[in-house]
Amino acid sequence: MDAATLAQRLIGQRLVRLLDDGTRLAGTIVETEAYLGVKDKAAHTFGGRRTPRNESMYAIGGTAYVYFTYGMHFCMNVVAGQAGDPVAVLLRALEPVEGLDAIRALRTPHHRPRKTPLKDKDLCSGPGRLCEALAIGRDLNGEDLTTSPRMWIEPGTTYAPRQLVKTTRIGISGAEEWVDRPLRWYVNGNTHVSVKAKP
DNA sequence: ATGACGATTTACT
DNA sequence: GTAAATCGTCATA
């Protein structure tokens with residue numbers, strides 16, 4: 001499937017994470033971005049670049065591509081294409097629905113004390129935040145979401161196409177003519193979305 | 001071996 | 001709004 005189609009279909013579905021201790025965490029996907037592979041200047045695989053880091057983008061659709069960035073955050077993608085076609089969808093925000101207490105704890109590590117308690121809308125509103133919230137790290141890179149006992153996708157809330165906002169992607173200022181391509185989708189009015197488009 | 005740079009988040013002014 | 005935090009990765013040498 002192409003990444004733009006998958007990005008829209010993932011909105012409303014539920015990302016589920018089962019921790020080793022049996023805790024079940026989950027959130028409804030409310031914001032996604034499509035990365036179109038070798039032709040997309042914003043994608044890690046632009047021009048066919050293939051390295052140990054982005055290797056799982058070349059895997060079959062349904063694989064997780066988890067990478068580390070800015071020296072401190074993870075981001076998670078769902079690979080969209082056939083094996084060898086490195087297109088994927090970045091998950092940018094979830095509306096947390098299961099395991100809120102555990103999620104809050106994961107988002108408040110002891111080495112990073114908080115001045116004020118986190119509001120619900122700040123728990124999973126960003127690609128780095130949602131990975132921290134669901135304990136998604138290196139060990140889940142390359143995970144097959146269609147068979148994994150640790151992380152998978154379930155049906156969730158159904159949103160009509162007209163409830164989705166289609167706009168530009170975030171954090172890709174160096175991508176030249178791809179900067180303005182509308183390849184980000186989010187649920188209109190949902191408070192857990194990371195960055196809203198200008199009205 | 002080295003250096004520049006992130007598909008970001010947080011706190012502070 | 002601005003800036004700091006923080007380090008794995010990759011291209012260059």
Side-chain angles (χ1 to χ4, degrees), chain A residues 2-4 6-8 10-11 15 27 29-59 63-81 86-94 96 103-142 165-186 191-198:
Chain A
D2 75 273
L6 180 64
Q8 293 163 82
L10 282 173
I11 300 273
L15 179 65
I29 297 168
V30 296
E31 181 183 358
T32 58
E33 284 180 355
Y35 285 86
L36 307 193
V38 299
K39 64 184 179 186
D40 182 355
K41 288 187 176 172
H44 290 162
T45 51
F46 173 66
R49 198 161 64 101
R50 185 167 187 164
T51 68
R53 175 167 96 144
N54 69 19
E55 179 61 29
S56 55
M57 267 192 80
Y58 288 84
T63 301
Y65 167 43
V66 180
Y67 67 90
F68 185 63
T69 191
Y70 288 104
M72 57 190 105
H73 302 296
F74 291 97
C75 293
M76 165 165 175
N77 296 253
V78 178
V79 175
V87 300
V89 174
L90 173 69
L91 303 186
R92 285 197 56 91
L94 307 177
I103 286 174
R104 195 175 301 279
L106 283 162
R107 290 278 290 122
T108 315
H110 280 113
H111 64 273
R112 189 160 27 83
R114 304 267 182 192
K115 288 189 159 50
T116 59
L118 278 171
K119 299 171 182 172
D120 283 4
K121 70 174 175 58
D122 293 322
L123 290 175
C124 305
S125 51
R129 289 174 174 183
L130 75 87
C131 283
E132 185 172 62
L134 298 198
I136 296 167
R138 281 181 210 303
D139 53 323
L140 287 167
N141 183 35
V165 176
K166 176 185 184 181
T167 183
T168 54
R169 294 176 291 182
I170 301 298
I172 57 161
S173 57
E176 304 179 28
E177 73 270 25
W178 287 83
V179 168
D180 297 318
R181 291 282 295 271
L183 290 169
R184 181 166 70 102
W185 289 266
Y186 66 83
T191 56
H192 298 83
V193 169
S194 69
V195 179
K196 282 160 187 171
K198 296 202 170 179

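Keep in mind that the numbers below use all heavy atoms, side chains included, and drop hydrogens, waters and symmetry copies. Small disclaimer: the values here were computed from a predicted structure and weren't measured.
In this structure A:Ala64 satisfies the side-chain contact (heavy atoms from CB on, under 4.5 Å) test together with A:Val66, A:Met76, A:Glu143, A:Leu145, A:Met151, sequence neighbours excluded.
Among the protein residues, A:Arg92 comes within range of the sugar-phosphate backbone only, with heavy atoms under 4.0 Å from sugar or phosphate atoms but none that close to a base. A:Arg107 comes within 4.0 angstrom of sugar-phosphate atoms only, judged by non-hydrogen atoms across all strands, and of no base. In this structure, A:Met57 reaches the bases: a heavy-atom distance under 4.0 Å links it to at least one base atom across the strands shown. Using a 4.0 Å heavy-atom criterion, one finds that A:Arg114 contacts the sugar-phosphate atoms exclusively.
Where DNA chain C meets chain A (any atom under 4.0 Å from a heavy atom), the bounding nucleotides read 5' to 3' are C:dA5 to C:dA11.
Counting to the nearest Å, the C1' atom of B:dA7 and the CG atom of A:Asn54 are 13 Å from each other. Rounded to an integer number of Å, the gap from A:Phe74 CZ to B:dG6 C1' is 14 Å. What separates NZ of A:Lys119 from C1' of B:dT9 is a distance of 16 Å, to the nearest Å. Rounded to whole Å, atom P of B:dC5 lies 19 Å from atom CZ of A:Phe68. Rounded to an integer number of Å, the gap from A:Met72 CE to B:dG6 C1' is 11 Å. A:His111 has its NE2 atom 15 Å from the C1' atom of B:dA11, to the nearest Å. In this entry the distance linking CD1 of A:Ile136 with C1' of B:dA7 reads 15 Å, nearest Å. Put simply, CG on A:Leu36 is 13 Å from C1' on B:dA7, counting in whole angstrom units.
A salt bridge links A:Glu176 with A:Lys41: at least one charged nitrogen is closer than 4.0 Å to a carboxylate oxygen. For the pair A:Arg114 and A:Asp122, the salt-bridge criterion is not met [side-chain N within less than 4.0 Å of a carboxylate O].
Taking the six-membered ring where tryptophan is involved, the planes of A:Phe68 and A:Phe74 are tilted, since the angle between them lies from 30° to 60°.
For the contact set between residues 123-130 of chain A and DNA chain B, defined by any heavy atom under 4.0 Å, the members are A:Gly126, A:Pro127, A:Gly128, A:Arg129.
A:Asn54 and A:Thr45 form no side-chain donor-acceptor contact under 3.5 Å, judged by distance and modelled atom types alone.
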Canonical and wobble pairing (Watson-Crick, G-U, under 3.5 Å) of DNA chain B, dot-bracket with |: ||||||.|||||.
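Looking at which nucleotide of DNA chain B each of A:Thr69 and A:Pro113 is closest to, the 5′-most match is held by A:Thr69.
Considering only side-chain N and O atoms, A:His73 lies nowhere under 4.0 angstrom from the phosphate OP1 or OP2 of B:dT9.
Side chain of A:Arg184 to main chain of A:Thr168: a donor-acceptor pair is present (N/O by atom type, distance under 3.5 Å, no hydrogens or angles). A distance-only check finds no donor-acceptor pair linking the side chain of A:Glu132 to the backbone of A:Gly128 [under 3.5 Å]. Looking at A:Arg169, its side chain does come within 3.5 Å of a backbone N or O of A:Ala34 through a donor-acceptor pair. Here the side chain of A:Tyr186 pairs no donor or acceptor atom with the backbone of A:Arg92 at under 3.5 angstrom.
Sorted by first then second residue, the side-chain hydrogen bond (donor to acceptor under 3.5 Å, both in side chains) pairs that include residues 69-81 of chain A, not counting sequence neighbours, number zero. Listed by first then second residue, pairs satisfying salt bridge (charged side-chain N to carboxylate O under 4.0 Å, His left out) with a partner in residues 42-51 of chain A read A:Arg50-A:Glu55, not counting sequence neighbours.
Using a 4.5 Å heavy-atom threshold, the side chains of A:Phe46 and A:Val38 count as separate.
Picking from B:dG6, B:dT10, B:dA7 the nucleotide with the shortest atom distance to the side chain of A:Tyr70 gives B:dG6.
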